[in-house]
Each structure stands twice: as C-alpha cells, then as structure tokens.
Amino acid sequence: MFPREMSRRGGRFHEKEFSGSDGHIDTDEKYMEQRYNPRSIEKKWQQFWDEAGVFEVGEDEKREKYYLLEMFPYPSGRIHMGHVRNYTIGDVVARFMRMLGYNVLHPMGWDAFGMPAENAAIKAGSHPAKWTYDNIDYMRSQLKQLGFSYDWSREFATCDPSYYRWEQLFFLKMYERGLAYRKSSYVNWCPKCQTVLANEQVEAGACWRCDSAVVQKEMEQWFFKITHYVEELLQNTFKLPGWPERVLVMQQNWIGKSTGSMLRFPLESGRGDIGVFTTRTDTLFGATFMSIAPEHPMVADLCRGKPQESAVLDFVEKVKQSKRNEREADLLEKEGFFTGSYCINPVTGKKMPVYVANFVLMAYGTGAVMAVPAHDQRDFEFAQKYGLPIEVVIKPAGACPLRAYPGAGSSAEAGLTGGPETPLAGVARDGFPGDKGVLTHAFEEDGILVDSGEFSGMESAAARIAITEALAKRGLAELTVQYRLRDWGISRQRYWGAPIPIIYCDRCGVAPVPEQDLPVVLPIDVELLENGGSPLPVHKPFYSAACPKCGAEGRRETDTMDTFVESSWYFARYACSDFDRGPLDRARVGYWMPVDQYIGGIEHAVLHLLYSRFFVKALRDMGYMDVDEPFLNLLTQGMVIKDGFKMSKSKGNVVDPDEMIQAYGADTVRLFCLFASPPEKDLDWSEQGVEGSFRFLSRMWRLVFENLEALKSAGPYRGGSFLTGDIAQLRRKTHQTIRKVTEDIRERFHFNTAIAAIMELVNLIYQVLDSRPSDPMLWPVVREAVEAVIVISSPMVPHICEELRSALGFEELLLNTPWPKWDDQALKAEEILVVIQVNGKLRSKITVPADATDKELEDISLRDPRIADFIEGKQVRKVVVVPKKLINIVV
RNA sequence: GCCUGGGUGGUGGAACCGGUAGACACAAGGGACUUAAAAUCCCUUGGUGCUUAGCACCGUGCGGGUUCGAUUCCCGCCCCAGGCACCA
C-alpha cells in the first residue's frame with residue numbers, strides 16, 4: 001500500500017509536474033501557481049541557508065549565549081521518526097531563541113563507534129569505517145532536507161582519530177589520578193556480542209543490545225572510578241530544577257545510597273571476623289545466623305576440614321554457574337548451605353551459624369548479611385526452611401505490654417538444640433502480624449526495642465546509633481554509607497571503538513602510552529572475524545609495541561573503550577571542534593558550557609546522562625573546564641508510536657521520514673510532530689493527522705497568495721485608528737496569539753497548543769475576510785495578523801514562512817527577524833463575557849462592559865431573566881463574584 | 001514489592017496556582033460547487049431524555065471528603081505505562 005498510495009493521496013503538488021505531459025489539468029495556470037508546492041521552496045531555502053552559513057556562530061561577549069543540544073545520532077543508516085521528532089523540537093527552540101536575540105549554538109555530529117557497524121560490515125563483507133561514513137553522508141543529507149538550523153562547521157564523528165585521540169588523553173590523565181584503574185572482577189559477559197557490558201547496559205539480566213542472557217565472568221578489566229563522585233552525583237540531583245523529576249529519581253535510585261553501620265562478627269574459631277553492612281542495627285539482638293555470598297573470599301576457610309566441605313563447595317560452584325538474570329530476578333528459590341562454622345553475635349554472645357546463601361550479592365556491601373528472621377521477610381523464610389531460631393526484638397510502637405511465650409525453634413541443622421535457653425522463636429506477640437499467636441511473617445517496620453539488653457525500650461532510629469556507638473568502643477562497629485552504584489567498566493572486547501592507550505610489558509607491567517605517541521590509531525587494514533570477536537588480538541602490527549618504559553617488546557591493550565565514553569564529552573567538544581592543540585579550548589568551552597537545553601530520549605535517563613555528569617566532574621578536576629554539571633535543562637521527549645506500538649521492523653509499523661518528506665514536504669512532517677502531542681508524551685503517528693497538517697499549511701499559503709495584492713498595498717497597521725467589531729476582535733486575537741505562542745514555547749515547550757492558537761487566528765482571519773467589512777482599516781489589520789502568523793510560525797515551519805514573507809516584500813531572512821512583542825493595549829476588550837452560575841451550575845452568560853464593577857455584575861445577574869427562574873421563591877444566601885469572569889448565586 | 005508518571009468524546013489532545021469541561025485537529029455524517037472526481041467551502045458531531053426555535057439531567061477511572069463551586073485539592077481504592085528489583 002505504502003508508497004503508491006502515498007503519491008496518489010498526499011502528492012498533490014506533483015500534479016503540476018505531471019500536468020505538462022497530460023495537458024489537461026493546467027487549464028487555470030494562475031490557480032496552479034498559487035498552490036503550495038513544498039518541494040521546490042524547501043530546497044530553495046535550504047540551499048540559501050547552507051550557502052550563506054547563517055547558522056554558524058562564534059563567541060560574542062555582548063550577547064547572551066544559549067547552547068541548545070539534541071542527543072547526537074548513531075549513524076545506523078537512515079534517520080527514523082524518533083530522530084525527526086527530537087531534532088524538530090530542538091530546531092524550534094533554536095530558531096525561537098535566535099529570534100529572541102540569543103547567540104545560539106546548535107551543533108550536530110555522529111556517535112560513530114559501536115557494534116552495529118561491525119555486525120553490518122561482517123554481513124555485507126564491508127568495513128565498519130566505510131559503512132559508518134556512508135551512513136553519515138546519507139543521514140546528513142536527510143537532516144538537511146528537514147531544514148534543521150545546525151552549525152555544520154562544527155560537525156564531527158567520534159570514530160575519527162582527531163576526536164578519540166583526546167579521549168585517549170583523558171584516559172591517561174584519569175589513569176594518573178587513579179580515576180581509571182584495572183582490576184579483576186566478575187563482570188557481565190554477553191556471549192552473543194562477545195564482550196563485557198557495564199552494569200547500566202544490563203537490563204533485567206539481559207544484554208541491552210541483543211537481549212541475550214548475560215553471564216558472570218571473572219576478567220581483568222579497565223574501570224572508570226565513577227564512585228569517586230558518587231556523593232556529588234547524588235547531591236547535584238537536588239540542584240537540577242530544569243530536569244524532569246523522574247529522570248532525577250531514576251538516577252537517585254540507581255546511585256542507591258543507604259546509611260547504616262559496618263559491624264564485625266568475631267568468628268567462634270577466633271581466627272578473624274566477618275564484616276557486615278546493615279541499615280537495621282536496631283535488630284542486632286535478633287540476629288541469629290549469618291548469610292554470605294558464594295563468592296565470598298572466606299567461604300573456603302569457613303568450611304575447610306568440616307564434614308560438609310565438599311558439599312558446600314559443590315553448592316558454591318552450582319550458584320556461580322547460574323545466569324545473572326536468574327539469580328538476580330528473584331526467580332531462584334532461596335537456598336543456603338551451612339558452612340560448619342559459627343560466628344558470635346557481639347551483643348548477645350550467642351553462636352550464629354554461618355550459611356552460604358544464593359541470594360547474597362558479593363557486589364553490594366561486604367557480601368555478608370546478618371540474618372534477623374523476625375524482622376526481615378527473606379530471613380524469616382530462610383529460617384523457617386532450615387529450622388533456625390527466630391527472635392522478636394522489635395515491637396510496634398503503641399502495642400500492648402509484652403508477655404513471654406515459650407519458644408519452639410528447631411535448630412537441628414545448625415547444631416543448636418532446643419532447651420531451657422532456647423530463645424522465643426516464631427511466636428507472635430500483641431500487635432504483630434500473625435495468627436493465633438504465631439508469627440506468620442516478619443515485622444519489618446521500625447518500632448520499640450524489646451529483649452535487647454540496655455537498649456530495650458528505645459526507638460529503632462535512636463537504637464541504631466546507640467548500638468553502633470556502644471560497639472564502636474569495642475572496635476566492632478562504625479557508622480557508614482553504602483551505594484548501589486559501582487564503577488564503570490569500560491573495556492570492550494570489540495574492534496570498532498577507541499583503543500585504550502596502554503601497553504603491557506613482562507618486566508614493567510602496565511605502561512601508559514606516552515602522550516606524544518597519541519593517538520593510538522585503530523588499524524583499518526584488518527580482517528573481521530565471523531563470530532564477531534575482535535581481530536585486534538591477532539593483528540600483530542597493532543598489538544606488537546615496544547614498552548614505553550624499558551623498550552622491550554610489549555603487547556598493546558587490544559580492548560577498546562565503551563562507546564558511552566565518546567558521548568560523555570562530545571557536547572564540550574562542539575565548542576571548539578577545530579581545536580588541535582588539546583581536547584578543549586578553555587576560552588571557548590568557558591563561553592558555551594554548560595548546555596542550556598538538552599533534548600533527547602528517556603532511554604538515556606541513567607546511562608548516558610549519568611556518565612556525562614561523571615565525566616564533566618572528572619574533566620573539571622583535571623582542569624579542562626569550569627562547570628560542575630553538563631546540562632542545565634533537560635527535556636525528554638516521548639517515543640513515536642504507531643498502531644499502539646513503538647515503530648519497529650518486526651512490528652512492520654515503521655514510517656520512513658524520506659517518504660513523508662517526499663510526499664508532504666519537511667514543514668508538514670515537522671508540523672505534525674509538534675502538533676500531535678506535547679513533547680514529553682508519546683506521539684501517535686497518524687497518516688490522516690499528517691494530511692491535516694498539510695492542509696493547514698496550504699490554507700496559510702492560500703491566505704497570502706489569494707490576497708497578495710491587497711496585503712502588499714495595505715501596508716502594516718500603525719495604530720491610532722479606532723477599531724470596531726470584527727476588525728477590533730481580529731487585532732485583539734492577533735496579539736493574544738503572539739502572547740500565547742511566546743509563552744507556550746518559552747515556558748513549557750508546548751508546541752501543540754501554540755499551533756492550535758495559530759490555527760485559531762488563521763480561522764478568524766478567513767472569517768473576517770469572508771464577512772467583507774467595508775472598513776478602511778480591514779487590510780492593515782489583516783496584514784498585521786498575517787505577518788504575525790508568518791513570524792510566529794517560522795520556528796516550526798521555517799521554509800513556507802520564509803517564502804510567504806518574501807512574497808509580502810520583505811528582504812531580510814526571518815531568522816534575523818526579532819520575535820514580535822504583543823501590544824497590551826490591543827489585548828484590552830471593551831466588553832467581556834461573564835458566566836452566571838446558580839449553586840455552582842452554569843445558568844446564563846452575559847456580556848458586560850469591561851469596566852463593570854462587582855456590584856454592577858451582581859445586580860445585572862440577579863435581574864437576568866434566565867436566572868430569575870432559578871432563584872424565584874428561594875432565598876439568596878450568598879453571591880460569589882469572580883471579577884471579570886463569573887458570578888455564583890447561592891440559594 | 002518499591003519509585004515515577006498517567007487514566008478526559010469515536011481518535012490525538014485542550015483546560016489544571018479550583019471558576020464556562022471537550023479549545024485545536026483527525027475521523028464520521030449532511031450539504032454547496034463540479035458532467036464527474038480531486039481540491040475547496042459551509043453545517044452537525046460527549047451521552048440520555050423531553051412538552052425538540054429550545055430545555056433538563058448525567059458526564060473527566062471508582063468511592064468518599066473539603067468548598068458557593070472540584071478534571072484540578074485531600075483520603076481510600078482500581079487500572080495502564082515506565083524505571084528499579086533478593087541492596088541487607
């Protein structure tokens with residue numbers, strides 16, 4: 001259906017070209033000339049803008065700067081509707097701010113490293129570089145066809161050595177400062193992509209790119225120490241009022257700060273202790289056993305020589321083999337194994353069996369958890385399963401006085417036997433969740449401590465501090481903070497990325513590449529491997545390198561950097577993309593940074609937006625820039641969906657921007673993207689909606705060309721004359737519309753309502769012209785209205801507006817035209833509409849002089865005949881008057 | 001489970017520091033122009049009812065509350081979308 005249907009239904013402006021050969025349509029040549037034909041005018045203005053370089057900017061201290069940026073695209077082949085929407089929103093803001101007089105930087109470039117290039121090249125027998133640069137050329141031409149106002153002189157692709165050389169320099173500087181380091185650890189490995197992934201790139205245990213299950217693998221990897229800035233990253237989320245709340249909350253959750261205590265539990269054997277992080281120190285008296293992660297370094301020691309040693313090690317091995325998604329997604333049944341060792345509860349002195357448990361994560365806290373079954377549901381279930389003691393030590397505030405019940409805990413497996421000393425186990429007290437006096441699940445809230453020695457009777461919050469302080473005197477505790485955020489693993493075992501500038505030497509170990517040897521250029525003459533693995537480890541000219549320290553033959557690092565490294569600083573490079581004496585020209589970066597408005601998809605809420613915030617802090621501390629945060633204001637636009645789903649090839653609901661532009665022109669596509677919904681919401685693509693946008697532009701076009709002579713000879717309205725009726729109303733509407741459009745764009749980026757207001761104004765102009773008032777002021781007022789329509793529409797639909805404006809005889813470009821101001825005088829009406837309610841229900845409407853007093857309004861409404869029916873025979877108890885708006889009569 | 005949004009006509013959406021619910025558009029129906037079609041223009045369009053030039057009642061997920069007045073504020077639910085998820 002698609003292309004053919006398209007050219008038939010939407011391609012109206014093709015008719016003129018076809019008509020020459022057909023010979024029967026162009027009977028009315030004059031009428032055809034008046035038709036809106038976007039194809040020719042859009043090309044004309046794009047060429048004009050391009051040749052004149054009108055969007056190129058420099059630093060100008062006299063003007064206020066405004067740096068507007070949209071997330072740059074990955075050159076995947078062709079732009080999709082999501083790009084069109086994102087960049088259209090950005091372009092409107094850029095053009096609007098320019099007209100308001102700001103010195104606007106609006107650049108574009110390419111996030112050009114990454115795996116799709118490799119996969120596509122393997123498939124096509126091509127090279128990632130060729131694939132990438134071909135795509136860039138094509139996509140650049142697509143962006144130009146949409147008329148976006150970029151300063152193309154600043155364009156760059158991140159796969160260019162002139163870009164990534166500076167990234168390599170940053171790596172070296174970060175290495176010097178300990179912000180880049182190498183360590184061996186369990187990392188996320190995607191077997192399909194043959195590479196390691198950062199935590200942020202694992203979604204529900206699966207690879208963010210290919211959706212394969214991610215496994216844990218122990219490897220030597222390079223990390224960026226994002227945790228060095230964890231507190232600043234968190235605190236600044238409270239100082240970014242220009243960001244959407246939900247993005248900030250997502251980042252806060254991702255950082256995952258929790259305050260608590262670090263506690264030490266001495267081993268019964270006397271050989272050391274187990275460290276534990278807990279936020280619930282107040283429940284310490286109820287800690288009856290210990291759970292540790294299978295990867296915990298003490299596991300081997302704890303079970304050594306015990307009867308269950310081999311069984312424990314088998315269990316550990318089994319858990320390690322399980323997939324990350326299964327293990328983390330709470331799918332696996334909670335299982336544990338007693339190691340055979342005990343540690344001692346430092347406040348009760350009681351023995352606590354140490355279990356290896358599959359749900360304990362080595363990566364959070366210390367990899368060991370004190371288990372308090374009465375006050376943690378997971379521990380409760382675990383204790384029931386393995387017959388471990390459950391001791392209640394917190395009661396709900398306000399509950400009845402305590403009564404003791406005999407315990408019934410069985411601890412056979414742990415070696416604890418019941419007896420007179422057996423603690424109260426599994427028994428509920430007043431106010432606890434439970435049935436017939438038996439605890440059915442853990443009581444997890446804060447409350448009042450019981451059976452907790454000297455701390456009994458304290459409130460949880462105070463007890464947390466008090467118990468920690470008491471233990472601190474014995475060297476067994478300290479107050480501490482834990483974060484969920486972990487360092488950013490940046491090594492990728494892939495070819496198409498920026499090489500990490502490191503050489504390994506048998507004698508000297510890790511040797512950074514000297515700065516003067518940068519860039520370490522990614523070799524182009526490689527054979528890609530079928531399985532997707534990197535060819536670099538088998539490419540001798542690359543990996544063979546002399547050790548910079550001793551000169552002996554070393555081996556170059558063959559991993560490349562995560563592509564998110566490139567996008568973590570590109571916004572600063574736009575300020576000085578031609579600078580070749582360093583990564584960033586301080587003066588120019590100082591002028592432009594930070595980005596005043598950043599626009600992009602919500603999918604980067606954590607990934608790119610968190611990495612960039614980290615990078616800017618690191619660059620600041622290394623002396624490259626002076627800002628703390630990269631993006632002052634953030635707008636996250638919604639997805640483009642069709643038929644209820646995100647556009648995707650598999651759903652078969654993709655709409656190609658090229659075909660849309662061919663059929664309707666760029667202005668129509670832009671207009672529809674802006675009009676169909678506010679930017680932060682999802683946009684539902686509708687063929688008919690696009691038709692409607694085209695219809696509106698045609699209407700605007702005809703408004704000018706069908707009245708061209710009258711409009712031109714009218715000259716602008718200069719004020720002074722007294723206007724009446726329709727004409728006065730039109731002038732008022734013109735200025736109301738200017739105000740509404742200005743505020744809708746400036747205050748909240750609600751282009752949909754701005755466009756609706758312009759449509760209303762156009763409708764009114766037509767209406768006034770239809771009524772043909774023989775008033776000498778008709779054409780001057782209409783002309784003022786038409787000019788306003790053209791100027792305030794121009795950020796959204798720039799091509800048609802330039803054309804219409806030049807048709808009216810203007811010579812300067814619209815983008816150099818100041819944004820119009822509304823005339824407060826013109827907004828004033830002589831008469832206003834006031835609604836009358838009785839008991840809050842609308843009963844009548846009256847038109848009154850604008851200067852009527854509240855008392856007059858009240859009198860008029862009480863005399864209103866419609867109102868009389870409703871108040872007749874009733875007593876008027878009260879009359880509420882909202883000045884110039886509404887009267888409510890209460891009877 | 002926790003955290004964020006969000007539930008308004010046939011559809012996209014508007015109004016929301018409480019004050020005319022449904023702007024603007026799409027779709028649908030009717031009409032004008034035309035040999036015809038396209039394009040364009042005009043009218044109707046939340047629901048129900050009636051004594052049908054009009055009027056009344058109901059209506060913003062559900063149930064309460066505050067108020068002269070609630071789509072908007074408060075309390076309690078339901079549903080949808082997104083994020084995090086054994087975090088100790």
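Reminder, nothing fancy here: chain letters follow the sequence lines and each chain counts from 1.
Contacts of A:Arg464 with the nucleic acid, taken as non-hydrogen atoms under 4.0 Å apart, are absent. Base engagement by A:Leu833 is indicated by at least one non-hydrogen atom pair under 4.0 Å involving a base atom. Across all strands shown, A:Asp682 has heavy atoms under 4.0 Å from sugar-phosphate atoms exclusively, and none from any base. Using a 4.0 Å heavy-atom distance criterion, A:Val882 is classed as a base contact. Residue-level contact check: A:Pro244 touches neither bases nor backbone, having no heavy atom under 4.0 Å from any strand.
For the P atoms, the distance linking B:rA32 with B:rA15 amounts to 38 Å, nearest Å. Look at the C1' atom in both B:rG5 and B:rC58: the space between them is 30 Å, to the nearest Å. Comparing B:rG18 with B:rU67, their P atoms sit 16 Å apart, to the nearest whole Å. For the P atoms, the distance from B:rG6 to B:rC16 is 15 Å, rounded to whole Å. Rounded to whole Å, the P atom of B:rA85 lies 16 Å from the corresponding atom of B:rC3. Atom C1' of B:rG83 sits at a distance of 29 Å from the matching atom of B:rA14, rounded to the whole Å. Between the P atoms of B:rG63 and B:rG9, the separation comes to 15 Å (whole Å). Between the C1' atoms of B:rC79 and B:rC62, the separation comes to 10 Å (whole Å).
How far OG1 of A:Thr847 is from CD of A:Glu831: 6.0 Å, rounded to the nearest 0.5 Å. Rounding to the nearest 0.5 Å gives a distance of 12.0 Å between CD of A:Glu760 and CD1 of A:Ile765. A distance of 5.5 Å separates CG of A:Leu634 from CH2 of A:Trp243, quoted to the nearest 0.5 Å.
Between the side chain of A:Gln377 and the backbone N or O of A:Glu444, no donor-acceptor pair lies under 3.5 Å.
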Show me the donor-acceptor pairs within less than 3.5 Å that the side chains of residues 672-679 of chain A make with the rest of the protein, sequence neighbours left out.
from     : atom 1 : to       : atom 2 : distance (Å)
A:Ser677 : OG     : A:Arg85  : NH2    : 3.2
A:Ser677 : OG     : A:Asp682 : O      : 3.3

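In this entry the distance linking CD1 of A:Ile255 with C1' of B:rG83 reads 15 Å, nearest Å. Counting to the nearest Å, the P atom of B:rA14 and the CZ atom of A:Phe751 are 13 Å from each other. When the P atom of B:rA85 is taken as reference, atom CG of A:Leu485 falls 12 Å away, rounded to whole Å. In this structure, A:Tyr36 places its OH atom 18 Å from C1' of B:rU40, rounding to the nearest Å. In this structure, A:His296 atom NE2 and B:rA88 atom P are separated by 17 Å, rounded to whole Å. Distance A:Leu671 CG to B:rC26 P: 11 Å, rounded to the nearest Å. Residue A:Glu603 contributes atom CD, which lies 17 Å from atom C1' of B:rC84 at whole-angstrom precision. One interatomic measurement links the two molecules: NZ of A:Lys885 to C1' of B:rG18, which rounds to 10 Å at whole-angstrom precision.
Taking A:Phe382 as the reference, A:Phe289, A:Tyr355, A:Phe359, A:Tyr386 meet the ring pair (Phe, Tyr, Trp, His ring centres under 6.0 Å) condition, with sequence neighbours excluded. Qualifying ring pair (Phe, Tyr, Trp, His ring centres under 6.0 Å) partners for A:His750, counting only residues two or more places apart in sequence or in other chains: none. Every residue two or more places apart in sequence or in another chain that forms a ring pair (Phe, Tyr, Trp, His ring centres under 6.0 Å) with A:Trp208 is listed here: A:Phe564. Among residues two or more places apart in sequence or in another chain, the side-chain contact (heavy atoms from CB on, under 4.5 Å) test is passed with A:Gln767 by A:Leu764.
Taking 4.0 Å as the cut-off between side-chain N and carboxylate O, A:Asp744 and A:Arg739 do not count as a salt-bridged pair. Using a cutoff of 4.0 Å between basic side-chain nitrogens and carboxylate oxygens, A:Lys318 and A:Glu335 are scored as salt-bridged.
The local environment of CZ in A:Arg748 is crowded, with over 12 non-hydrogen atoms from other residues, nucleotides or ligands closer than 6.0 Å.
Nearest to the side-chain atoms of A:Arg35 among the listed nucleotides B:rU4, B:rU20, B:rA39 stands B:rA39. Closest to the side chain of A:Arg484, from the set B:rA85, B:rU20, B:rA27, is B:rA85. Here B:rC3 is the nucleotide among B:rC84, B:rU4, B:rC3 with the atom lying nearest to any side-chain atom of A:Val249. With distances taken from any side-chain atom of A:Arg246 to the nucleotides B:rC41, B:rA88, B:rU4, the minimum falls on B:rU4.
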* Base versus backbone protein contacts along nucleotides 44-59 of chain B [heavy-atom cut-off under 4.0 Å; B, S, -] -> -----------SSSS-
* Asked: What string of B, S and - do you get for nucleotides 66-75 of chain B 5' to 3' if you count protein non-hydrogen atoms under 4.0 Å?
  -> --BS------
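Where A:Lys681 and A:Asp379 each meet RNA chain B at their nearest nucleotide, the meeting point lying more 5' is that of A:Lys681. Two residues, A:Val247 and A:Gly367, neighbour RNA chain B, and the one matched to the more 5' nucleotide by heavy-atom proximity is A:Val247.
Geometrically, A:Arg484 engages A:Trp254 in a cation-pi contact defined by less than 6.0 Å to the ring centre and at most 45° from the axis.
With 3.5 Å as the limit, one finds a donor-acceptor pair spanning the side chains of A:Gln252 and A:Thr237.
Identified under the salt bridge (charged side-chain N to carboxylate O under 4.0 Å, His left out) test for residues 882-891 of chain A, with sequence neighbours left out: none. Sequence neighbours left out, the pairs with a member in residues 254-263 of chain A that pass salt bridge (charged side-chain N to carboxylate O under 4.0 Å, His left out) are A:Glu231-A:Lys257. Sorted pairs that involve residues 364-373 of chain A and meet salt bridge (charged side-chain N to carboxylate O under 4.0 Å, His left out), not counting sequence neighbours, are lacking altogether.
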Enumerate all atom pairs, one protein N or O and one N or O from nucleotides 22-25 of chain B, separated by less than 3.5 Å.
from   : atom 1 : to       : atom 2 : distance (Å)
B:rA23 : O2'    : A:Glu760 : OE2    : 3.1
B:rA25 : OP1    : A:Asn763 : ND2    : 3.2

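Between A:Arg378 and B:rG1, a side-chain N or O to OP1/OP2 separation shorter than 4.0 Å is absent.
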* Structure fact -> Pairing string of RNA chain B (Watson-Crick or G-U wobble, both atom distances under 3.5 Å; | = paired to other strand) is (((((((..(((......[....))).(((((.......))))).(((((...)))))..(((((..]....))))))))))))....
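The glycosidic torsion of B:rG18 lies more than 90° away from 0, which places this base in the anti conformation.
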